[in-house]
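Okay, structure first, notes after.
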Number of protein chains: 2
Amino acid sequence: MVANSLRARVRAEMIDEIKAAARRHLATDGANLSLRAVARDLGMASSAIYRYFPSRDDLLTTLILEAYMALGDAVEAADAAVDRDDLRGRWFAGCRAARAWALANPAEYALLYGSPVPGYTAPDDTVEPALRPPMTLIGIARDGLAAGQLTPPPTDDLPQPVRADLTDIAASLVPGMPAALLARGMAGWTQLFGLISFELFGRIKGGLPHRDDYFDHQIALMADLVGLPR
Amino acid sequence: MVANSLRARVRAEMIDEIKAAARRHLATDGANLSLRAVARDLGMASSAIYRYFPSRDDLLTTLILEAYMALGDAVEAADAAVDRDDLRGRWFAGCRAARAWALANPAEYALLYGSPVPGYTAPDDTVEPALRPPMTLIGIARDGLAAGQLTPPPTDDLPQPVRADLTDIAASLVPGMPAALLARGMAGWTQLFGLISFELFGRIKGGLPHRDDYFDHQIALMADLVGLPR
DNA sequence: TCCAATTCGAGAGCAGTGCTCTTGACGGGT
DNA sequence: ACCCGTCAAGAGCACTGCTCTCGAATTGGA
């Protein structure tokens with residue numbers, strides 16, 4: 001086993017190198033990165049890569065999973081660094097962390113939240129990591145409610161079918177969360193995604209030099225909508 | 001000229017057939033459609049297509065432009081069909097029309113609002129059509145303000161740098177629009193984009209059977225944020 | 001009416017892609 | 001010392017966008 005671990009270690013390093021090279025190409029080639037190109041980078045034949053990843057889609061899946069984890073870590077860490085009772089501070093920290101991660105890793109963000117790759121369908125392993133960022137944000141509202149810092153929106157705000165759906169979701173993911181508050185939290189997450197996507201995919205560029213301030217303000221609007229106290 | 005128009009007409013029909021076939025492939029292949037495949041569909045050599053479109057990217061650009069126009073038409077028509085004074089009705093009509101168009105043409109929506117195609121950069125012709133849908137929505141708020149049905153949000157809501165940027169944008173695109181109201185209108189558009197994208201790119205599907213109702217409710221939240229009277 | 005000019009389609013070819021299969025070499029466990 | 005699993009390389013298949021050339025068809029003017 002110890003002797004075998006030598007081989008395994010070399011193999012693990014090889015896998016890491018492939019992933020690193022693939023990530024590098026991701027930045028320029030987007031989702032359709034070339035296996036042959038990463039093989040060239042590593043000075044090996046393209047066929048050799050198939051010893052480590054059964055297919056190109058499989059490599060992509062690995063990159064996607066790790067990207068989800070990285071984004072989730074960033075958001076959770078930012079949230080955790082703020083005083084638990086400072087709801088608004090936590091909201092800002094989480095949202096800013098997501099944006100910062102996206103701006104730092106635009107290709108990976110596009111892989112996660114851009115248009116789906118045509119032939120590719122994400123495996124089920126990805127749904128749990130994909131839930132971490134929004135759950136972190138919604139957790140802030142839940143904490144505020146539990147601490148009595150936040151009054152939930154009136155439930156008659158919510159049409160019956162939506163209330164039923166959201167109650168089910170809350171029951172399985174955020175126990176004790178009122179449906180109407182969950183709806184507002186999801187609105188905040190949707191808005192965050194839209195903001196980052198617009199900024200990253202370039203549909204804003206013209207005239208909006210103070211992007212940081214604009215982002216903060218839009219996030220503040222949603223914080224108000226969720227009901228986080230100022 | 002009349003004799004020439006025969007050739008010109010055949011050419012125009014050929015172009016239409018190519019675009020139609022390309023749109024058909026767009027649904028399955030996404031952004032990386034194959035010129036050879038559409039050529040096969042039309043029973044011609046792949047090289048013949050280059051008589052009509054100088055490159056594959058050029059074909060894509062044409063499809064993108066027409067998609068923007070179609071979406072803009074849909075939203076504007078829906079808005080125009082509602083009584084001018086029914087602000088909330090217009091807001092719902094416009095948003096629902098955008099969603100309906102996206103659900104009916106998912107591939108084209110992905111082309112417009114998904115991750116940018118790696119090597120491809122959209123020409124400047126696309127920015128004006130791209131502005132039509134959000135401008136229609138923001139126009140609703142502008143009309144409401146002009147009619148006195150809507151009280152603008154307090155300007156001190158807006159940090160100074162953002163106010164400056166948005167004032168400039170308003171001056172060139174929506175004259176007479178207060179910056180703080182423009183900010184909320186843009187938030188509504190961002191939210192609409194996020195909602196449609198989440199639904200289309202499949203990150204919601206699990207447990208949310210009443211999508212229409214959910215969409216309406218989220219849109220209503222933003223209508224409230226913009227200040228459209230109930 | 002005939003002719004030159006333009007337009008068009010088809011085919012071959014280039015460089016690139018993902019992926020498969022075969023071949024040969026290396027090295028760890030018995 | 002041998003054997004067998006692991007690995008890398010190469011050839012090859014079907015595909016891609018794109019270019020070029022070469023005949024055929026159509027056009028507008030003389």
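Values in this document were obtained by computation on a predicted structure and should not be read as measured data. To find a chain, count down the sequence lines: A is the first, B the second, and so on, and within it residues start at 1.
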Query raised in the report: Using a cut-off of 4.0 Å on non-hydrogen atoms, how would the nucleic acid contact of B/Ser47 be classed: base, sugar-phosphate, or nothing?
Result: base
Requested in this report: For a side chain to side chain donor-acceptor pair (under 3.5 Å) with A/Asp212, tell me which candidate from A/His217, A/Arg96, A/Arg99 qualifies.
Outcome: A/Arg99
Requested in this report: Using whole Å, report how far CG of A/Asp29 lies from C1' of D/dT16.
Outcome: 15 Å
Query - Separation of atom CD1 in A/Ile18 from atom P in D/dC7, rounded to whole Å - result: 11 Å
Query raised in the report: Taking atom C1' of C/dG16 as reference, at what distance in whole Å does atom CG of A/Leu33 sit?
Result: 15 Å
Query raised in the report: Could you give the distance from CE (A/Met135) to CG (A/Leu137), rounded to the nearest 0.5 Å?
Result: 10.0 Å
Query raised in the report: Shortest non-hydrogen contact from A/Leu200 to A/Pro106?
Result: CD2-CA, 3.8 Å
Query raised in the report: With a 3.5 Å cut-off and no angle check, do the side chains of A/Ser197 and A/Tyr109 form a donor-acceptor pair?
Result: yes
Requested in this report: Let me know the distance between CZ of B/Phe53 and C1' of C/dC8, rounded to the nearest Å.
Outcome: 16 Å
Query raised in the report: Mapping A/Tyr52 and A/Ser46 onto DNA chain D by nearest heavy atom, which one lands closer to the 5' end?
Result: A/Tyr52
Query raised in the report: Checking all strands, does B/Leu42 fall into the base, sugar-phosphate, or nothing category for heavy-atom contacts under 4.0 angstrom?
Result: nothing
Query - Minimum-distance nucleotide (side-chain atoms of A/Ala48 versus D/dA9, C/dT17, D/dT16) - result: D/dA9
Query raised in the report: In whole Å, what is the span from the CD1 atom of A/Ile15 to the P atom of D/dA8?
Result: 11 Å
Query - Touch class at under 4.0 angstrom, heavy-atom based, for A/Arg51 against every strand present - result: base
Query - Minimum-distance pair of heavy atoms, taken over all atoms of B/Ala31 and B/Arg56 - result: O-NH1, 3.3 Å
**Report entry** N or O in side chain of B/Arg56 less than 4.0 angstrom from D/dT16 OP1/OP2
**Finding:** no
Query raised in the report: Atom CG of B/Leu59 to atom P of D/dG17: distance rounded to whole Å?
Result: 10 Å
Requested in this report: May I have the distance from B/His25 (atom NE2) to D/dC15 (atom C1'), rounded to whole angstrom?
Outcome: 14 Å
Query - d(CZ, B/Arg40; P, C/dG9) in whole Å - result: 18 Å
Query - Touch class at under 4.0 angstrom, heavy-atom based, for B/Ile49 against every strand present - result: nothing
Query raised in the report: Counting only distance, no hydrogens or angles, is the base of D/dG17 paired donor-acceptor with the side chain of B/Arg36 under 3.5 Å?
Result: yes
